[in-house]
Amino acid sequence: MSPRPNPPLKCLPSTPTGPQLAEPASAVTGGGAAKGVAEDVPTAVRPDQQTGDGRYAIAWLTISAPRGAVPTATSVCACGRNRFAAGHRKALALIEDHTRHRDLCPLRTHQEGAAV
C-alpha cells in the first residue's frame, strides 16, 4: 500500500520582505483638550468639601485570635506607646492595659489650666 499524499498547505498572503518605512502620524488639530471638555470652565481641583468632625484616631488596638492558634494583641498609640502580647492571658491583660491607657494618655488628657 502506498502512503497517502499530503494535501497542499494553505498559503498566507505574501508580505514584502525587508525593512519598511513607517507612515507619519496624522497631525493633531485642536487645543489638545479631551473630547467633551467645556470651554471657559475652570479645571482647577477644589479642596474636598467633606470636612470631618475634628476627631482623629490616636490609639489602635489590634486583636488576632484565629481558631486553634495563639491569640495576639497589639496596642499602638500616637504618644509613642507600642505594646505586643501573645497568648490568651497576656492578650487579655494588654486589652485591659490599653483601656486604662486611654484615660492616662497625654494626648487625650487636658493640660492643666487649659480651657475645656
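One is the number of the first residue; the rest follow in order along the sequence.
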Going by the salt bridge (Lys or Arg N to Asp or Glu O under 4.0 Å) test, which pairs reach into residues 69-86, not counting sequence neighbours? Arg81-Asp97, Arg83-Asp97
Got a sec, which residues hit salt bridge (charged side-chain N to carboxylate O under 4.0 Å, His left out) with Arg102, two or more places apart in sequence or on another chain? none
By salt bridge (charged side-chain N to carboxylate O under 4.0 Å, His left out) - contacts of Arg89 (at least two apart): none
Scan for side chain to side chain donor-acceptor pair (under 3.5 Å) pairs involving residues 58-74, sequence neighbours excluded, and state none if there are none. none
Using the side chain to side chain contact (heavy atoms under 4.5 Å, CB included) criterion, which residues pair with Ala59? Sequence neighbours excluded. Cys77, His98
By side chain to side chain contact (heavy atoms under 4.5 Å, CB included), which residues pair with Ala78, not counting sequence neighbours? Ile58, Leu107
CD1-OG distance between Ile95 and Ser75, expressed to the nearest 0.5 angstrom: 10.0 Å
Under the side-chain hydrogen bond (donor to acceptor under 3.5 Å, both in side chains) rule, collect the residues that match up with His101, sequence neighbours excluded. none
